[in-house]
Amino acid sequence: MAGFMTEKDTTAQKQYLLDQRYLKMAHIWSQNSYCKRRQVGALLVKDKMIISDGYNGTPSGFENNCEDENFKTYPYVLHAEANAITKVAKSNNSSDGATLYVTSSPCLECSKLIIQAGIKRVVFSDNYRLEDGINLLKQANIEVVQINLDE
């Protein structure tokens with residue numbers, strides 16, 4: 001029967017549309033970053049509620065300069081994922097079972113935090129230059145989804 005969608009197909013389509021929307025919101029959130037080389041945004045979502053957000057930048061109390069005069073990123077700059085995870089840790093929410101929407105695939109260090117935070121899904125759009133973070137997430141049986149928002 002042509003055009004017939006099963007309940008599973010419908011559920012998958014709804015999830016894909018939600019994933020697209022939250023990922024677009026993460027892209028908008030990335031615009032809060034003061035970093036010049038790359039702006040990254042992240043949202044933590046659980047039960048269709050945003051429980052935390054983050055973007056790459058300097059720790060609280062630091063000047064909002066992410067790069068030196070040669071455009072080299074300072075070593076103390078926090079990634080968007082780390083900011084979202086530490087922010088939820090300061091709240092009454094739990095990231096256990098949550099989905100992380102992030103504009104760039106996580107690096108190895110952020111992937112370790114994602115695993116320890118109990119996050120079960122990671123949805124991203126752009127590839128980071130290294131794939132070791134994504135490989136670690138897959139090794140930990142975390143669902144990893146890439147969505148191209150330009151389509």
Side-chain angles (χ1 to χ4, degrees), residues 12-151:
Q13 181 64 19
K14 285 181 181 177
Q15 185 61 58
Y16 180 77
L17 291 173
L18 270 177
D19 288 346
Q20 279 185 314
R21 290 178 186 131
Y22 283 125
L23 201 50
K24 286 177 184 174
M25 292 171 72
H27 272 277
I28 292 168
W29 201 245
S30 73
Q31 296 169 12
N32 289 320
S33 172
Y34 286 90
C35 296
K36 293 178 180 82
R37 282 185 46 224
R38 184 180 196 126
Q39 293 179 315
V40 180
L43 293 179
L44 260 174
V45 176
K46 187 173 179 180
D47 301 323
K48 296 184 183 175
M49 290 184 351
I50 297 170
I51 59 170
S52 189
D53 53 57
Y55 50 87
N56 57 327
T58 57
S60 299
F62 280 65
E63 234 182 278
N64 284 325
N65 294 326
C66 298
E67 299 93 358
D68 64 19
E69 60 278 351
N70 298 317
F71 290 99
K72 186 171 189 277
T73 302
Y74 290 119
Y76 52 81
V77 169
L78 291 161
H79 289 187
E81 306 93 318
N83 265 328
I85 291 168
T86 56
K87 190 174 182 180
V88 79
K90 288 170 51 175
S91 75
N92 290 329
N93 287 313
S94 167
S95 57
D96 196 37
T99 297
L100 176 69
Y101 294 89
V102 62
T103 58
S104 182
S105 60
C107 70
L108 184 62
E109 293 303 313
C110 287
S111 291
K112 293 178 200 176
L113 293 175
I114 291 165
I115 293 166
Q116 289 301 98
I119 295 166
K120 295 298 175 211
R121 289 181 77 232
V122 174
V123 180
F124 71 96
S125 55
D126 304 328
N127 284 311
Y128 181 61
R129 60 183 171 85
L130 302 173
E131 292 185 15
D132 49 357
I134 290 295
N135 293 336
L136 184 66
L137 293 174
K138 289 177 181 176
Q139 187 179 342
N141 294 318
I142 292 173
E143 183 183 351
V144 177
V145 179
Q146 184 173 17
I147 294 178
N148 183 352
L149 292 178
D150 295 330
E151 294 176 346

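Counting from 1, the numbers follow the sequence of the chain as shown.
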| field | Closest heavy-atom pair and its distance - Ser52, Ala84 | value | OG-O, 2.7 Å
| request: Specify the closest pair of heavy atoms between Gly54 and Trp29, including all atoms of both residues, with the distance to one decimal. | output: O-CD1, 3.3 Å
Taking the side chain as every heavy atom from C-beta outward, state whether [X] and [Y] have any atom pair closer than 4.5 Å.
X: Ile51; Y: Val45; result: no
X: Ser95; Y: Lys46; result: no
X: Val144; Y: Phe124; result: yes
X: Leu44; Y: Ile119; result: yes
X: Asp126; Y: Arg38; result: yes
X: Arg121; Y: Leu100; result: no
X: Val122; Y: Val145; result: no

Just by modelled atom types, is the [Y] backbone N or O under 3.5 Å from a matching donor or acceptor in the [X] side chain?
X: Ser105; Y: Asn127; value: no
X: Thr58; Y: Glu63; value: yes
X: Asn70; Y: Lys72; value: no
X: Tyr22; Y: Lys48; value: yes

Taking only residues two or more places apart in sequence or in another chain, which ones pass salt bridge (Lys or Arg N to Asp or Glu O under 4.0 Å) with [X]?
X: Glu131; answer: none
X: Lys24; answer: none
X: Glu67; answer: none

| Checking side chain to side chain contact (heavy atoms under 4.5 Å, CB included) for the pair Thr73/Arg37: CA distance, chi angles, key distance, verdict? | CA-CA 8 Å; Thr73 302; Arg37 282 185 46 224; 2.7 Å; yes
| Pair listing, salt bridge (Lys or Arg N to Asp or Glu O under 4.0 Å) test, anchored in residues 92-106, at least two apart | none
Is it the case that more than 12 heavy atoms not belonging to [X] sit under 6.0 Å from its [atom1] atom?
X: Asp47; atom1: CG; value: no
X: Tyr76; atom1: OH; value: yes
X: Gln116; atom1: CD; value: no

Does a donor on one side chain and an acceptor on the other come within less than 3.5 Å for [X] and [Y]?
X: Asp19; Y: Gln15; value: yes
X: Ser33; Y: Asn56; value: yes
X: Asn65; Y: Tyr74; value: no

How long is the gap from [atom1] on [X] to [atom2] on [Y], to the nearest 0.5 Å?
X: Ser111; Y: Ile134; atom1: OG; atom2: CD1; answer: 6.0 Å
X: Leu137; Y: Asn141; atom1: CG; atom2: CG; answer: 11.0 Å
X: Leu149; Y: Thr103; atom1: CG; atom2: OG1; answer: 9.5 Å
X: Tyr55; Y: Ile28; atom1: OH; atom2: CD1; answer: 15.0 Å
X: Glu143; Y: Lys120; atom1: CD; atom2: NZ; answer: 12.0 Å

| query | Should Ser104 and Val40 be marked as a side chain to side chain contact (heavy atoms under 4.5 Å, CB included) after you check the CA-CA gap, both sets of side-chain angles, and the distance that decides it? | reply | CA-CA 6 Å; Ser104 182; Val40 180; 4.2 Å; yes
| field | Any pair counted as side-chain hydrogen bond (donor to acceptor under 3.5 Å, both in side chains), so long as it reaches residues 79-94, sequence neighbours left out | value | Asp53-Lys87
| message | With disulfide bond (SG atoms under 2.5 Å apart) as the rule and sequence neighbours excluded, what pairs involving residues 19-69 come up? | response | Cys35-Cys66
